[in-house]
Amino acid sequence: MMLQQTQVDRVIPKYEEWVRKFPTFRALAKARPADVNRTWRPLGYNARPRRLHAIAREVVDRYDGALPSDEVTLRSFAGIGAYTAAAVQSFAFGLRAPIVDTNVARVLFRVFIGQSDRSSTTLQKHLWKVSAAVLPRRHVFDFNQALMDLGALVCVARKPQCSVCPMSAICQTYPPGPELKTRTQ
DNA sequence: GTCCAGTAAG
DNA sequence: CTTACAGGAC
């Protein structure tokens, strides 16, 4: 939840501090709201600590302190949407769940689509299908992580590094136009 | 001003 | 469908 719309580099130190202070759902459930909100600062989007606190309490009250892994239950928590539910399934539980975050959406769009409006609801739905279609049977954790890393490190928003990208040969956006001033052609 | 491991509400 | 939400980096 810290990673929702927040850069990884900014999350890591706060995440370390957070899990040191609230190592379990029970510990977080017991904490005072003021303490929870203060510990979150200055990550922003302050509905997130409030919702995470509520999730911890519900996990303790209704699920014996263990987060369920099924999508329906995960999505039933306020603050867990399509991406976070899939990320928890894939990264926390090792389940075969496709993911679409800002990185994956950009990579799949550029590689397989290339044109049309990137923000339309129809396209977003389609990208989830593409993500599911390219997902291998095994090594799902590594595959999803690699897809995100490709978007975060190579196929970045502003200056994609196409010269080192393994997808350039089949990429629908390659070669990139001048609007994507590539760093290395 | 845009973008960032989104989500809920209008 | 669009917008609010935090805050920091480029």
Side-chain angles (χ1 to χ4, degrees), chain A residues 1-19 33-34 36-56 58-59 67 69 71-111 116-128 130-132 134-135 139-161 165 167 173 176-184:
Chain A
M1 290 188 66
M2 283 181 176
L3 286 163
Q4 290 167 1
Q5 201 80 134
T6 305
Q7 291 88 337
V8 177
D9 290 345
R10 213 153 70 83
V11 163
I12 290 173
K14 181 55 66 176
Y15 171 79
E16 300 286 352
E17 178 189 347
W18 186 274
V19 294
V36 172
N37 293 333
R38 179 162 43 80
T39 306
W40 188 270
R41 247 168 12 212
L43 283 186
Y45 281 153
N46 298 322
R48 294 184 295 174
R50 180 166 46 75
R51 288 167 176 159
L52 184 54
H53 196 191
I55 290 172
E58 189 170 348
V59 166
L67 186 70
S69 64
E71 183 187 348
V72 172
T73 307
L74 288 172
R75 289 293 304 267
S76 77
F77 296 109
I80 296 186
Y83 164 71
T84 303
V88 167
Q89 288 195 89
S90 172
F91 300 137
F93 292 104
L95 299 174
R96 187 169 178 271
I99 57 169
V100 176
D101 75 325
T102 189
N103 291 301
V104 174
R106 186 175 53 252
V107 170
L108 296 180
F109 175 80
R110 284 178 177 167
V111 172
S116 86
D117 178 17
R118 252 193 64 186
S119 60
S120 81
T121 306
T122 307
L123 178 61
Q124 288 304 311
K125 278 187 183 171
H126 180 63
L127 290 177
W128 277 94
V130 175
S131 184
V134 298
L135 193 65
H139 310 298
V140 173
F141 182 107
D142 290 339
F143 181 85
N144 281 339
Q145 205 66 219
L147 202 51
M148 297 177 78
D149 282 350
L150 186 64
L153 302 173
V154 178
C155 192
V156 294
R158 288 180 168 120
K159 297 176 180 175
Q161 306 200 43
C165 182
M167 305 308 292
T173 309
E179 72 281 8
L180 295 176
K181 309 176 284 221
T182 58
R183 180 164 316 181
T184 56

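Sequence lines set the chain letters: A, B, ... in the order given, protein chains first and strands last, and positions in each chain run from 1.
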For the side chain of A:Thr102, starting at C-beta, report the closest nucleotide among C:dC5, C:dC1, B:dA5. B:dA5

Quickly work out the A:Asn46 CG to B:dG6 P distance and round it to whole Å. 17 Å

Donor-acceptor pair present, A:Gln145 side chain and B:dA5 base, under 3.5 Å: yes

Please report, rounded to the nearest Å, how far the P atom of C:dG8 is from the OH atom of A:Tyr45. 13 Å

What about A:Gln5: does its side chain form a donor-acceptor pair under 3.5 Å with the base of C:dG7? no

Just the rounded figure in Å: distance from P of B:dC4 to CG of A:Asp149. 14 Å

Base, sugar-phosphate, or nothing for A:Ala152, non-hydrogen atoms under 4.0 angstrom? nothing

Per atom distances to the A:Ala78 side chain, the nearest of B:dA8, B:dT7, B:dA5 is B:dA8

For the residue pair A:Glu17 / A:Thr39, report whether a side-chain donor-acceptor contact shorter than 3.5 Å exists. no

Please list, by residue number, the residues of residues 87-95 of chain A whose heavy atoms come closer than 4.0 Å to an atom of DNA chain B; answer none if no residue qualifies. A:Phe91

From B:dA8, B:dG6, C:dG8, nucleotide with atom closest to A:Arg10 side chain: C:dG8

How many whole angstroms separate atom CG of A:Leu43 from atom C1' of C:dG8? 11 Å

Assess whether one donor atom and one acceptor atom, taken from the side chain of A:Arg48 and the base of B:dT7, lie less than 3.5 Å apart. no

NA contact type, A:Arg106, heavy-atom cut-off 4.0 Å: base, sugar-phosphate, or nothing? sugar-phosphate

In sequence, state the C-alpha distance, the side-chain angles, and the governing distance for A:Met167 and A:Val107, and then conclude on side chain to side chain contact (heavy atoms under 4.5 Å, CB included). CA-CA 9 Å; A:Met167 305 308 292; A:Val107 170; 5.5 Å; no

Without decimals, in angstroms, what is the distance between A:Met2 CE and B:dA5 C1'? 14 Å

Nearest-nucleotide comparison on DNA chain B, the residue closer to the 5′ end among A:Thr84 and A:Arg118: A:Arg118

Roughly how many Å apart are C:dC1 and B:dC3, using the C1' atom of each and rounding to a whole number? 22 Å

What is the nucleic acid contact for A:Arg51, judged by heavy atoms within less than 4.0 Å: base, sugar-phosphate only, or nothing? sugar-phosphate

With the side chain defined as heavy atoms from C-beta on, A:Asn103 is closest, among B:dA5, B:dG1, C:dC5, to B:dA5

Please report the C-alpha distance between A:Leu52 and A:Trp18 in whole Å, then the side-chain angles of each, then the deciding distance to 0.1 Å, and finally whether the side chain to side chain contact (heavy atoms under 4.5 Å, CB included) criterion is met. CA-CA 12 Å; A:Leu52 184 54; A:Trp18 186 274; 3.9 Å; yes

Donor-acceptor pair, A:Thr84 side chain versus A:Met1 backbone, under 3.5 Å? no

Rounded to whole angstrom units, what separation is found between the CD1 atom of A:Ile12 and the P atom of B:dC4? 17 Å

Polar side-chain atom of A:Arg50 near backbone of A:Asn37 as donor-acceptor pair, under 3.5 Å: no

Nearest to the A:Gln7 side chain among B:dA5, C:dA6, B:dC4, which nucleotide is it? B:dC4

Measuring only the P atom in each nucleotide, how far is C:dC5 from B:dA5? A whole number of Å is fine. 22 Å

All pairs passing salt bridge (Lys or Arg N to Asp or Glu O under 4.0 Å) where residues 85-110 of chain A contributes a residue, at least two apart: none

